[in-house]
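Not measured: the values here are computed from a predicted model.
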Amino acid sequence: MGGQDPDGIADRENDDVNWLEFSLLHATEPCAVQVETGNGPVQVGPCLVTDRTVFCPPDTVAPPGSRITLPTGDTVRVVDAHYLDSCGTRLPEHWQLEVAGRR
């Protein structure tokens with residue numbers, strides 16, 4: 001019937017989820033990383049880490065060239081950084097950091 005939404009999709013689209021809630025829902029164990037931009041190391045978290053990408057909270061400062069120390073002790077460099085806002089995506093705003101050079 002016309003304006004009905006039997007699956008509740010419209011309601012879920014309007015739910016605000018913040019980065020902390022999202023990371024706790026989508027990782028078995030969110031972690032913190034250490035970011036070095038030239039101003040000394042800064043602990044950032046919670047983050048979600050994959051082989052080539054680190055997803056970080058929206059207040060993270062890690063421009064390309066920044067060094068990141070992962071929870072494993074490996075270090076990587078940020079090669080690209082993308083700020084993603086929530087704008088209708090049902091994802092919270094966050095930074096997607098493309099990384100390389102796992103050592």
Side-chain angles (χ1 to χ4, degrees):
M1 310 275 201
Q4 293 182 354
D5 181 14
D7 297 325
I9 292 172
D11 291 336
R12 287 194 308 264
E13 285 178 2
N14 294 323
D15 285 348
D16 286 336
V17 61
N18 65 37
W19 178 252
L20 176 62
E21 294 167 330
F22 181 83
S23 63
L24 292 173
L25 286 171
H26 295 284
T28 53
E29 189 174 326
C31 58
V33 298
Q34 187 171 306
V35 177
E36 296 180 43
T37 61
N39 297 326
V42 175
Q43 196 80 6
V44 173
C47 297
L48 305 175
V49 178
T50 68
D51 286 341
R52 295 184 198 151
T53 308
V54 179
F55 300 93
C56 297
D59 60 347
T60 301
V61 176
S66 300
R67 189 175 111 182
I68 295 179
T69 303
L70 303 173
T72 60
D74 293 337
T75 59
V76 294
R77 291 259 180 216
V78 176
V79 293
D80 211 353
H82 306 279
Y83 178 78
L84 303 167
D85 65 22
S86 58
C87 217
T89 63
R90 292 194 280 184
L91 295 172
E93 59 185 355
H94 65 281
W95 279 95
Q96 179 176 320
L97 307 175
E98 305 302 326
V99 297
R102 190 174 285 253
R103 298 180 229 144

Quiz item: About how many Å separate NE2 of His94 and OG of Ser23, when rounded to the nearest 0.5 Å?
Solution: 11.0 Å
Exercise. Applying side chain to side chain donor-acceptor pair (under 3.5 Å), name anything that partners Asp80, two or more places apart in sequence or on another chain.
Key: His82
Quiz prompt | Set of residues satisfying side-chain contact (heavy atoms from CB on, under 4.5 Å) with respect to Pro64, sequence neighbours excluded | solution = Ala81
Exercise. Only pairs at least two apart or in different chains count here, so list each side chain to side chain donor-acceptor pair (under 3.5 Å) that has a residue in residues 53-73.
Key: Glu36-Arg67, Thr53-Glu98, Thr72-Asp74
Quiz prompt | Close side-chain approach of Pro57 to Cys47, heavy-atom, < 4.5 Å | solution = yes
Quiz item: Any side-chain heavy-atom pair from Phe22 and Leu48 closer than 4.5 angstrom?
Solution: yes
Quiz item: Shared ILVMFWY cluster between Val54 and Val42, side chains joined below 4.5 angstrom?
Solution: yes
Quiz item: Residues two or more places apart in sequence or in another chain: which of them pass side-chain contact (heavy atoms from CB on, under 4.5 Å) with Ala32?
Solution: Gln43
Practice problem: Share the residues that join Leu24 in a hydrophobic cluster, the rule being Ile, Leu, Val, Met, Phe, Trp or Tyr side chains under 4.5 Å apart at the heavy-atom level. | Solution: Leu20
Quiz item: So, the side chain of Trp95 versus the backbone of Pro58: is there a donor-acceptor pair under 3.5 Å, distance only?
Solution: yes
Exercise. Please examine the side chains of Phe55 and Thr50, heavy atoms only from C-beta on, and report whether any two atoms are closer than 4.5 Å.
Key: yes
Quiz item: Would a 4.5 Å heavy-atom cut-off, applied to side chains only, mark Ile68 and Leu97 as touching?
Solution: yes
Quiz item: Are Val99 and Val79 side-chain neighbours, meaning at least one heavy-atom pair lies under 4.5 Å?
Solution: no
Self-check item: Separation between CD of Glu93 and CH2 of Trp19, rounded to the nearest 0.5 Å
Solution: 11.0 Å
Practice problem: Hydrophobic side-chain clustering at under 4.5 Å (ILVMFWY, transitive links): who's grouped with Val61? Put none if nobody. | Solution: none
Quiz prompt | Gap between atom OG1 of Thr75 and atom CD of Gln34 - 0.5 Å precision | solution = 11.0 Å
Exercise. Give the cluster check for Tyr83 versus Val33: same hydrophobic cluster or not, with ILVMFWY residues linked at side-chain heavy-atom distances below 4.5 Å.
Key: yes
